[in-house]
Amino acid sequence: MRFVCRMAAAAAFLVGSGASAQQLAPSPTLDAIKARGHVECGVHLGLPGFSFANDKGEWSGLDVDYCRALAAAILGDATKVKYTPTSVQQRWPILQSGQVDVLSRNTTITFSRNATLGINFQGINFYEGQTFIVKTASGAKTPKDLDGATVCVAAGSTEEKNAADWFRERNLKVTIINFQKNDDAISAYDQGRCDAYTAGIGALAGQRIKFKNPEEHQILTEIISNDPQGPVTRWGDERWQLVVRWVLNGTIAAEALGVTSKNVEEMKAKSPSAEVRRLLGAEGKFGQMMGLSDDWMFNAIKQVGNYGESYERTVGMGSPLKLKRGANELWTKGGLLYSPPFQ
């Protein structure tokens with residue numbers, strides 16, 4: 001019995017030592033970011049509401065806000081980001097090569113990508129659903145009305161395969177025309193070379209406002225797939241993956257806990273909630289566990305806001321896209337969005 005107890009104690013010590021070693025493991029990516037003084041973030045070539053640069057080269061959008069929150073958490077300054085626009089085809093080699101630290105653009109989480117591309121998805125920041133945009137004058141109301149139509153799509157995208165599978169499974173005939181660039185596919189549709197263009201409903205809302213006459217185009221409300229999207233990292237460097245994942249979780253948790261960019265200072269000083277205090281660095285030393293300062297999420301929320309604040313100003317009712325929260329609402333309000341606990 002004494003021998004068993006000794007063995008159990010030794011095992012417990014080794015487990016504890018292993019956990020400590022994991023906590024102290026360095027992160028080449030995190031070290032590089034701190035050394036260079038900015039986060040390298042791969043974004044979309046230009047999608048209003050998600051990642052879009054204005055005439056002054058100033059980037060904004062839901063995915064851009066995530067990059068800013070990451071910079072605030074790591075460096076204490078949300079402006080310390082360099083944005084690299086990436087196409088559908090370029091995004092993987094740019095991430096895999098180390099040119100960017102993280103990919104934050106409308107990229108669908110799929111099994112085959114995770115299993116074969118050497119990448120990991122670090123959570124969901126937007127629940128997308130694929131549908132079609134058509135000329136209002138066409139009279140099409142549902143995807144089935146596109147039987148016999150031509151559909152423009154970006155080559156190599158999940159939308160290309162989803163559309164082909166959806167119509168084939170229903171014995172409907174469409175001609176899918178793919179383009180290497182999203183902009184070329186959209187332009188072809190706008191010029192009348194295709195009867196429809198397919199993408200996620202959020203992406204379509206962003207593209208629609210770029211048309212010369214947006215009112216002449218209608219986004220179908222029926223979706224043909226569910227396409228969760230979120231930040232992407234390379235395989236390896238678990239500490240970096242931890243940071244990327246929990247900054248996203250932190251913005252969602254902040255909304256659920258009622259922490260905003262306007263009340264974050266008061267909440268840190270006065271909140272009786274232990275989880276709020278851990279989130280904002282008032283107790284728990286959670287930042288130190290990842291190699292960050294303990295005010296990591298305080299800085300992110302103060303400078304960028306919680307998930308709900310970001311959603312509303314970039315793609316929600318306070319934006320030109322005016323997308324309802326839907327599945328992107330907190331789970332407590334009927335949506336799918338939630339964060340694991342900060343404890």
Side-chain angles (χ1 to χ4, degrees), residues 23-24 27 29-41 59-83 101-102 104 122-125 230-231 233 239-314 316 318 328 330-332 337-343:
Q23 290 174 0
L24 296 174
S27 165
T29 308
L30 194 57
D31 290 344
I33 291 170
K34 291 178 178 180
R36 81 169 83 99
H38 68 267
V39 175
E40 294 277 358
C41 203
W59 285 87
S60 64
L62 186 70
D63 293 328
V64 167
D65 270 4
Y66 171 74
C67 299
R68 295 174 61 233
L70 201 56
I74 299 167
L75 301 168
D77 187 343
T79 68
K80 301 297 185 179
V81 185
K82 178 182 177 182
Y83 301 99
D101 303 311
V102 63
S104 182
Q122 301 303 335
I124 299 170
N125 78 327
T233 59
R239 174 78 69 89
W240 173 237
Q241 295 183 52
L242 185 72
V243 172
V244 171
R245 185 182 316 122
W246 282 94
V247 168
L248 174 58
N249 287 340
T251 64
I252 297 169
E255 182 183 8
L257 294 167
V259 182
T260 71
S261 58
K262 295 180 175 60
N263 70 12
V264 64
E265 293 181 358
E266 181 180 5
M267 293 289 274
K268 181 177 181 179
K270 300 180 180 180
S271 176
S273 166
E275 189 164 10
V276 168
R277 294 178 62 78
R278 288 190 289 265
L279 175 71
L280 301 181
E283 64 180 60
K285 301 186 182 304
F286 278 25
Q288 292 183 35
M289 296 180 192
M290 299 186 296
L292 306 178
S293 65
D294 286 329
D295 59 0
W296 61 297
M297 278 312 303
F298 173 87
N299 291 332
I301 297 164
K302 176 68 176 176
Q303 297 178 40
V304 184
N306 65 34
Y307 179 87
E309 290 178 280
S310 176
Y311 186 99
E312 288 307 311
R313 70 170 169 262
T314 58
N328 293 293
L330 294 173
W331 71 274
T332 53
L337 209 67
Y338 76 96
S339 166
F342 276 74
Q343 57 179 249

So CD1 of Ile124 and OH of Tyr338: to nearest 0.5 Å the spacing works out to 8.0 Å

Sorted by chain and residue number, the salt bridge (charged side-chain N to carboxylate O under 4.0 Å, His left out) partners of Arg278 (sequence neighbours excluded) come out as none

Residue set satisfying side chain to side chain donor-acceptor pair (under 3.5 Å) with Glu312, at least two apart, ordered chain then number -> none

With sequence neighbours left out, the residues meeting side-chain contact (heavy atoms from CB on, under 4.5 Å) with Leu248 are Tyr66, Asn125, Pro231, Thr251, Ile252

Sorted by chain and residue number, the side chain to side chain donor-acceptor pair (under 3.5 Å) partners of Gln241 (sequence neighbours excluded) come out as Asn120, Gln122

By side-chain contact (heavy atoms from CB on, under 4.5 Å), Thr29 pairs with (sequence neighbours left out) Ser27, Ile33, Asp101, Arg234, Asp237, Trp240

For Leu279 and Ala254, the nearest pair of non-hydrogen atoms, with its separation, is CD2-CA, 3.9 Å

Check: Under the side chain to side chain contact (heavy atoms under 4.5 Å, CB included) criterion, do Val264 and Asn306 qualify, and how do the steps go?
Finding: CA-CA 10 Å; Val264 64; Asn306 65 34; over 6 Å; no

Nearest heavy-atom contact between Val81 and Ala71 is CG2-CB, 3.5 Å

Taken in chain and number order and not counting sequence neighbours, the residues that satisfy side chain to side chain donor-acceptor pair (under 3.5 Å) with Glu255 are Arg325

Minimal heavy-atom distance between Gly250 and Ile301, with the atoms involved, is O-CD1, 4.4 Å

Quick note, salt bridge (charged side-chain N to carboxylate O under 4.0 Å, His left out) partners involving residues 288-297, not counting sequence neighbours, are none

Taken to the nearest 0.5 Å, the spacing of Thr79 OG1 from Asp77 CG works out to 3.5 Å

Is it the case that the side chain of Arg239 and the backbone of Met290 share a donor-acceptor pair, with hydrogens and angles ignored and the cut-off at 3.5 Å? yes

Between the CD atom in Gln343 and the CZ atom in Phe286, the distance rounded to the nearest 0.5 Å is 7.5 Å

Taken in chain and number order and not counting sequence neighbours, the residues that satisfy side-chain contact (heavy atoms from CB on, under 4.5 Å) with Ser273 are Ser271, Glu275, Val276

| task | Report the C-alpha distance between Leu292 and Leu30 in whole Å, list the side-chain angles of each, state the deciding distance to 0.1 Å, and finish with yes or no for side chain to side chain contact (heavy atoms under 4.5 Å, CB included). | result | CA-CA 9 Å; Leu292 306 178; Leu30 194 57; 4.0 Å; yes

Sorted by chain and number, sequence neighbours left out, side chain to side chain donor-acceptor pair (under 3.5 Å) with Thr332 holds for none

Rounded to the nearest 0.5 Å, the OH atom of Tyr307 sits from the OG atom of Ser339 at a distance of 13.0 Å

Residues Ala300 and Ala72: closest non-hydrogen pair is CA-CB, 3.7 Å

Taking the side chain as every heavy atom from C-beta outward, state whether Val39 and Cys67 have any pair of such atoms under 4.5 Å apart.
no

So the salt bridge (charged side-chain N to carboxylate O under 4.0 Å, His left out) pairs with at least one residue in residues 263-272 (sequence neighbours excluded) are Glu265-Lys302

Those residues at least two apart in sequence (or on a different chain) that pass side-chain contact (heavy atoms from CB on, under 4.5 Å) with Arg313 are Asp65, Arg68, Val304, Glu309, Ser310

Closest non-hydrogen atoms of Asn299 and Ser293, given as atom of the first, atom of the second and distance, are ND2-OG, 4.5 Å

Residues passing the ring-ring contact (aromatic ring centres under 6.0 Å, His included) test with Trp246, sequence neighbours excluded, are Phe342

